[in-house]
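Take a look at the structure below.
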Amino acid sequence: MACLPSLSLAATVGLDPSSLRSRVSGHVSPLAVEKPPGICCGTNNASASPTATLEVESLDFREGLSVLEDGTGLGPFDYVPLLQECMERRLVSDAEAVHAHIIKTGAREDLYVMTFLVNVYAQCGAMIAARKVFDGLPRRNVVTWTTLITGYVHNSEPELAIRVYLEMLEAGSYPTNYTLGIALNACSSLRSLELGKQIHAYIVKYRIEQDASIGNALCSLYSKFGNLDYAVKTFRGITEKNVISWTAIISACSENGEAASGLSFFSEMLWENVEPNEFTLTCVLSLCCTVMSLSLGKQVHSLSIKSGYQLNLPVRNSAMYLYLKCGLVDEAYKLFNEIESSSLVTWNAIIAGHVQIMDFASDNLSAYQGGTRALEIFLRMIHSGLKPDLFTFSSVLTLCSKLVAQEQGEQIHAQTIKTGCLSDVVVGSALVNMYSKCGSIRRASKAFVEMSTRTLISWTTMITNFAIHGKTQQALQLFEDMRLVGVKPNQITFVGVLAACGRSLMVDEALNYFEMMQKEYRIKPVMDHFELLVDMFVMSGRIDEAFDLIKKMHYEPNEFIWSALITGARLHRNPELGLYAAERLIKLEPRDSETCVPLLKMYRAVERWIDMLNVEKLMRELQPVKLRDWSWICIKGKVYSFEPNEQFCPGNNMEMHMLLEDLLGRAKTLGYEFSGSSELMDNEDANISSRIHQSEEFAIAFGLLNTPKAAPIQIIKNTSMCQNCHDFIKCLSILTARKIVIQDRKRLHKFVDGKCSCGDFWGLL
DNA sequence: CTAGGGTTAG
């Protein structure tokens with residue numbers, strides 16, 4: 001067989017395993033038994049001591065070279081320290097300098113040195129140079145071949161790696177366990193299970209699965225193909241498990257969403273007295289982060305310091321990320337600032353961490369402050385000359401969606417196009433979400449249509465966002481499209497679908513989908529689904545059905561559900577049900593002051609004054625954390641925050657007040673009426689004759705004064721809007737001819753020409 | 001042969 005198989009994937013997959021086997025018949029022993037001394041350590045002249053030569057290690061690299069210049073009659077091993085230095089510095093120019101020198105002194109006759117050189121070029125990412133050196137060699141051994149294959153795998157060229165692997169067999173070299181390991185790795189990068197299986201068959205035939213190098217590679221191969229059971233089986237079969245075996249199985253668990261199993265493998269590993277290395281620790285720290293176990297994470301972190309890995313970058317990145325996500329922000333910053341040569345991953349981690357804790361910060365205020373900080377960090381990162389990648393873009397787009405920062409989001413959109421990152425599904429999905437959350441459903445759906453591939457999350461994002469914008473038909477249509485394409489919806493998809501139905505009070509459809517979710521897709525309903533359905537029943541005046549559903553839940557209903565039922569009971573004059581629900585709500589010790597408002601209204605309606613006083617007392621206790629009303633606006637990458645009746649605004653206070661008073665006057669001519677404070681929590685101020693400005697009104701005024709004419713005004717608010725402001729802002733959208741977008745606690749409001757996209761449920765409540 | 005950072009809801 002003179003010619004090599006073609007490079008195409010089809011051809012490599014179609015490779016006949018017998019062709020592999022035939023080459024080794026009669027040669028089982030070297031394959032199964034012989035362990036090569038290593039890829040970059042010597043195979044020949046192993047007795048010669050590579051380090052006992054010139055003392056170049058203490059010298060500067062260039063000086064080292066010049067020492068060599070002066071020397072005469074150098075042996076090949078004189079190059080070893082220099083080549084080692086090259087490996088660490090990873091500079092092609094260094095490698096070239098040494099290479100030239102090697103040619104000059106004739107050391108190129110030495111296979112060990114030349115193999116090392118191939119490895120150096122490969123580590124520098126210079127695969128063309130590596131290949132050239134390789135091709136120029138008069139002879140090669142299996143280590144040389146394996147080195148080249150490894151280089152291709154590490155430089156993301158698995159097709160070439162496989163091709164070289166086949167060339168090697170062709171040339172009559174027998175793979176070692178290392179060669180097979182890296183070849184398996186190439187298969188997993190290629191997503192070629194077929195070829196992997198062929199190599200596996202070969203491995204099984206020669207009974208070398210128990211070998212650590214091969215077993216480890218198999219373990220991670222199965223893991224990458226989502227078969228954790230096989231990975232575990234392979235791991236268990238390895239006779240002499242090393243640290244790498246343990247790390248491989250732990251990371252396999254991590255990869256397949258089995259964080260808890262990963263952690264138990266880790267503890268088993270410690271029981272077996274196997275010492276974790278920096279790879280293990282990094283992976284375990286990330287598992288602690290997944291399960292949000294700060295206490296375990298702290299222990300693992302101190303273990304890594306004790307083991308001498310405190311300076312290892314991945315370890316530090318993981319620890320930093322863990323502390324940030326568990327709320328130890330100062331601790332995380334300490335690590336961040338101490339990292340000297342921070343990598344892109346470091347920056348990505350601190351940005352992503354901030355974005356994620358926005359969801360579960362103890363109060364909204366600190367969440368948005370965290371978001372502000374993340375935006376600053378991102379801008380600082382750009383300023384320092386680092387190039388953002390897929391990870392950065394997806395996090396920052398999500399950040400923009402949470403900050404309702406469209407201007408910033410648009411700039412990032414442009415960047416993703418320029419860098420080619422937009423073709424990534426995750427980035428694409430994040431972009432869709434960003435435009436929608438900034439109030440532009442049109443651009444969101446354009447971005448969605450332009451995606452070349454879509455995942456479950458992409459579809460879910462778009463469906464949910466149609467629902468948020470009140471586009472029920474589009475949401476449901478898209479859901480059907482998604483099913484047609486064969487993508488299986490998940491729990492969250494149905495949250496979007498039910499929300500879409502709820503928005504249009506399509507009760508029957510909602511119930512159909514609810515049933516479909518359970519019967520056809522075997523998805524257990526969670527609290528979110530019940531909340532949406534109860535809400536829909538209440539809005540439709542079907543209180544009894546709401547209560548029936550609550551009784552059927554196999555969860556303890558939460559405060560939002562009782563609160564919705566209370567509202568329904570009050571509106572539809574069912575005091576008994578209302579009082580019952582109130583009792584249940586109070587038992588839950590509501591942590592959210594907004595759920596108490598319906599409670600107060602109901603007690604007042606049935607004249608239960610003592611109960612009312614008690615609830616008010618309860619609310620006063622909650623007040624400091626929850627009731628403070630804040631709004632934010634993001635302009636040119638800066639976030640400005642506002643409180644009600646702002647005394648010290650970031651802008652010109654007087655100008656903002658005057659503008660608001662003027663607008664208020666003109667709104668009245670449009671029929672706006674101030675109906676007293678509808679917020680019961682502001683009861684003290686309810687009698688004050690002058691109108692109180694809520695925080696979002698200041699934010700709008702600031703936006704009007706500081707953005708170009710006709711630019712949309714985009715705001716976030718940590719509490720729910722009151723009806724008063726809602727009416728007023730409808731007028732503002734006419735008076736100022738601007739689109740005004742407000743993301744409040746509960747929903748997205750998009751005010752255009754006096755109308756809001758939220759569907760105006762206010763009248764009902 | 002083994003490691004760190006990303007997207008959807010509430």
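Side chains included, hydrogens not; waters and symmetry mates left out as well; all remaining heavy atoms used. Throughout, a chain's letter reflects where its sequence line sits, starting with A, and its residues are numbered from 1.
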Between [X] and [N], is there a side-chain N or O to OP1/OP2 distance below 4.0 Å?
X	N	value
Asn317(A)	dA3(B)	no
Gln491(A)	dG10(B)	no
Asn433(A)	dT8(B)	yes
Lys224(A)	dC1(B)	no
Ser286(A)	dG5(B)	yes
Thr461(A)	dT7(B)	no

Using whole Å, report how far [atom1] of [X] lies from [atom2] of [N].
X	N	atom1	atom2	result
Tyr178(A)	dC1(B)	OH	P	9 Å
His154(A)	dT2(B)	NE2	P	7 Å
Leu322(A)	dG5(B)	CG	C1'	14 Å
Ile412(A)	dT7(B)	CD1	P	14 Å
Ile468(A)	dG10(B)	CD1	C1'	11 Å
Leu431(A)	dT7(B)	CG	C1'	11 Å
Asp359(A)	dT8(B)	CG	P	8 Å
Gln310(A)	dA3(B)	CD	P	22 Å

If the condition is salt bridge (charged side-chain N to carboxylate O under 4.0 Å, His left out), which residues does [X] pass it with, not counting sequence neighbours?
X	answer
Glu240(A)	none
Lys746(A)	Glu594(A)
Lys446(A)	Glu450(A)

Record whether the side chain of Asn348(A) comes under 3.5 Å of the base of dG4(B) through a donor-acceptor pair of N or O atoms. no

Looking at Glu272(A) and Lys241(A), is any side-chain nitrogen of the basic one under 4.0 Å from a carboxylate oxygen of the acidic one? no

Which nucleotide wins on minimum distance to the side chain of Asp528(A), given the candidates dG10(B), dT7(B), dT2(B)? dG10(B)

From the set dT7(B), dC1(B), dA3(B), return the single nucleotide nearest to any side-chain atom of Asn216(A). dC1(B)

Where is the tightest heavy-atom contact between Val329(A) and His354(A), given as atom of each residue plus distance? CG1-NE2, 4.5 Å

Side-chain donor-acceptor contacts of residues 282-294 of chain A below 3.5 Å, not counting sequence neighbours, with atom names and distances?
unit_1: Thr282(A); atom_1: OG1; unit_2: Glu278(A); atom_2: O; d: 2.6
unit_1: Thr290(A); atom_1: OG1; unit_2: Ser286(A); atom_2: O; d: 2.9
unit_1: Ser293(A); atom_1: OG; unit_2: Leu296(A); atom_2: N; d: 3.4

Positions of residues 230-238 of chain A (non-hydrogen atom under 4.0 Å from DNA chain B), listed by number: none

Please identify each residue that fulfils side-chain contact (heavy atoms from CB on, under 4.5 Å) with Glu376(A), with sequence neighbours left out. Thr372(A), Arg373(A)

